[in-house]
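Take a look at the structure below.
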There are 2 protein chains.
Amino acid sequence: MVTTPLHKDADLRRADSLAREIFSDIANKWALLIIDVLGKRTLRFSELRNEVEGVSHKMLTQNLRTLERDGLVHRKVYPTVPPRVEYTLTEPGLGLLAAIDAICGWTQQHYSYIQSARARFDA
Amino acid sequence: MVTTPLHKDADLRRADSLAREIFSDIANKWALLIIDVLGKRTLRFSELRNEVEGVSHKMLTQNLRTLERDGLVHRKVYPTVPPRVEYTLTEPGLGLLAAIDAICGWTQQHYSYIQSARARFDA
DNA sequence: CTGAATCCTGAACGATACTG
DNA sequence: CAGTATCGTTCAGGATTCAG
């Protein structure tokens, strides 16, 4: 496995296709938001749809599949009728959550800075 | 978990349009990669093009403009001929870099985990 | 309720050509 | 070298429908 020295041999930028693929899976709006909300608690599909505002049925399903495939999210199906499916972050998923929260936190903190930076730029 | 008062009034998920816009600006593949490479050193446009493998001329320009507008990247033009333009991370940009590096580091560390998770899923 | 499949539109993107 | 503009294509993603 590739160890941490980030910008060494297996650099993400010059990446082999797999690394790039993984990165693309998580470096997108919906995936990040989904992980963020699942970080708070386990959620059902329909709950996720409400929590992640603006996500479509299709995009939610699609991203959940990807995240499940990558082992970041666990999908538990209750064989009831109607079906009940719960999504939870896996252990590795929790690790990623920390990093994502850092980004979210940063965004919050620099909210007004960005606002004025834009005003300056647009002028 | 959540460090800053993230999930309070201005929650990213229920966000007003500006917050969502900002988040979209940075939560995408190219923006993250650009910030990542600029975190190492100041780079010229053509150098960036080489460092960020696979990015097109157009996408690079586009993302740089956005990042500049949001005040994450500083653009310095040398009025020479031929023109020389250098891109640097701003102070706030450096803050975001830390968060991004966390994600990159996480990806590296879980590289093989994801690989096997996928193998399991696909079976 | 969850999820898969289909269709269709608009946005993203790459290629190319042109300017300073 | 850096940047803009245009064009054509591809593809993401929304709406809808059907199934378990």
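Each chain gets a letter, A, B and so on, in the order its sequence line appears, and its residues count up from 1. If you're wondering where the values come from, they're calculated on a predicted model, not measured in any experiment.
For DNA chain C, none of the residues of residues 66-77 of chain B falls under the heavy-atom distance limit of 4.0 Å.
Applying the salt bridge (Lys or Arg N to Asp or Glu O under 4.0 Å) test to every pair with at least one member in residues 22-31 of chain A, sequence neighbours left out, gives these pairs: D25(A)-R118(B). For residues 55-67 of chain A, the set of pairs meeting the salt bridge (Lys or Arg N to Asp or Glu O under 4.0 Å) definition, not counting sequence neighbours, comprises R65(A)-E68(A).
In this view, L32(A) and I100(A), F23(B), A27(B) satisfy the side-chain contact (heavy atoms from CB on, under 4.5 Å) rule, not counting sequence neighbours. Taking the side-chain contact (heavy atoms from CB on, under 4.5 Å) definition, one finds that A102(B) meets it with A99(A), sequence neighbours left out. Legend: residues meeting side-chain contact (heavy atoms from CB on, under 4.5 Å) with V77(A), ordered by chain and number and at least two apart, are R75(A), V85(A). In this view, Y78(A) and E86(A) satisfy the side chain to side chain donor-acceptor pair (under 3.5 Å) rule, not counting sequence neighbours. The side chain to side chain donor-acceptor pair (under 3.5 Å) check on N63(B) picks up nothing, with sequence neighbours excluded.
In terms of modelled atom types and a separation under 3.5 Å, the side chain of N28(A) and the main chain of W30(A) share a donor-acceptor contact. Formation of a donor-acceptor pair under 3.5 Å by the Y113(B) side chain with backbone atoms of G71(A) is found in this model. Checking side-chain atoms of W106(B) against main-chain N and O of A98(A) turns up no donor-acceptor pair under 3.5 Å.
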Restricting both atoms to N or O, compile the protein contacts to nucleotides 13-20 of chain D shorter than 3.5 Å, with distance only.
unit_1: dG13(D); atom_1: N7; unit_2: K58(A); atom_2: NZ; d: 3.1
unit_1: dG14(D); atom_1: OP2; unit_2: S56(A); atom_2: OG; d: 2.6
unit_1: dG14(D); atom_1: O6; unit_2: K58(A); atom_2: NZ; d: 2.3

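For dC1(D), neither phosphate oxygen OP1 nor OP2 lies less than 4.0 angstrom from any side-chain nitrogen or oxygen of Y87(B). Here R44(B) does not reach the OP1 or OP2 of dC1(D): none of its side-chain N or O atoms lies under 4.0 Å away.
As judged by a 4.0 angstrom heavy-atom cut-off over every strand, R49(B) is placed among residues making no nucleic acid contact. Note on Y78(A): nothing from the nucleic acid sits closer than 4.0 angstrom, heavy atoms only.
The distance between atom CG of L48(B) and atom C1' of dC1(D), rounded to the nearest whole Å, is 13 Å. Atom CZ in R65(B) sits about 14 Å away from atom C1' in dA5(D), given to the nearest Å.
Bracketed by its first and final contacts, the part of DNA chain C lying under 4.0 Å from non-hydrogen atoms of chain B reaches from dC13(C) to dG20(C) in 5' to 3' order.
Relative to the axis of its first five pairs, the axis of the last five pairs of the helix from dC1(C)-dG20(D) to dG20(C)-dC1(D) sits at 40°, rounded to 10 degrees.
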Please report, to 0.1 Å, the donor-acceptor pairs under 3.5 Å made by any side chain of residues 41-49 of chain A, with sequence neighbours excluded.
unit_1: T42(A); atom_1: OG1; unit_2: T88(A); atom_2: OG1; d: 3.4
unit_1: E47(A); atom_1: OE1; unit_2: R44(A); atom_2: N; d: 2.7
unit_1: R49(A); atom_1: NH1; unit_2: V55(A); atom_2: O; d: 2.8

**OP:** Determine, stepwise, if the pair H74(B) / L89(B) fulfils side-chain contact (heavy atoms from CB on, under 4.5 Å).
**Re:** CA-CA 6 Å; H74(B) 175 68; L89(B) 283 188; over 6 Å; no
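I114(A) and F121(A) end up in different hydrophobic clusters when Ile, Leu, Val, Met, Phe, Trp and Tyr side chains are linked at under 4.5 Å.
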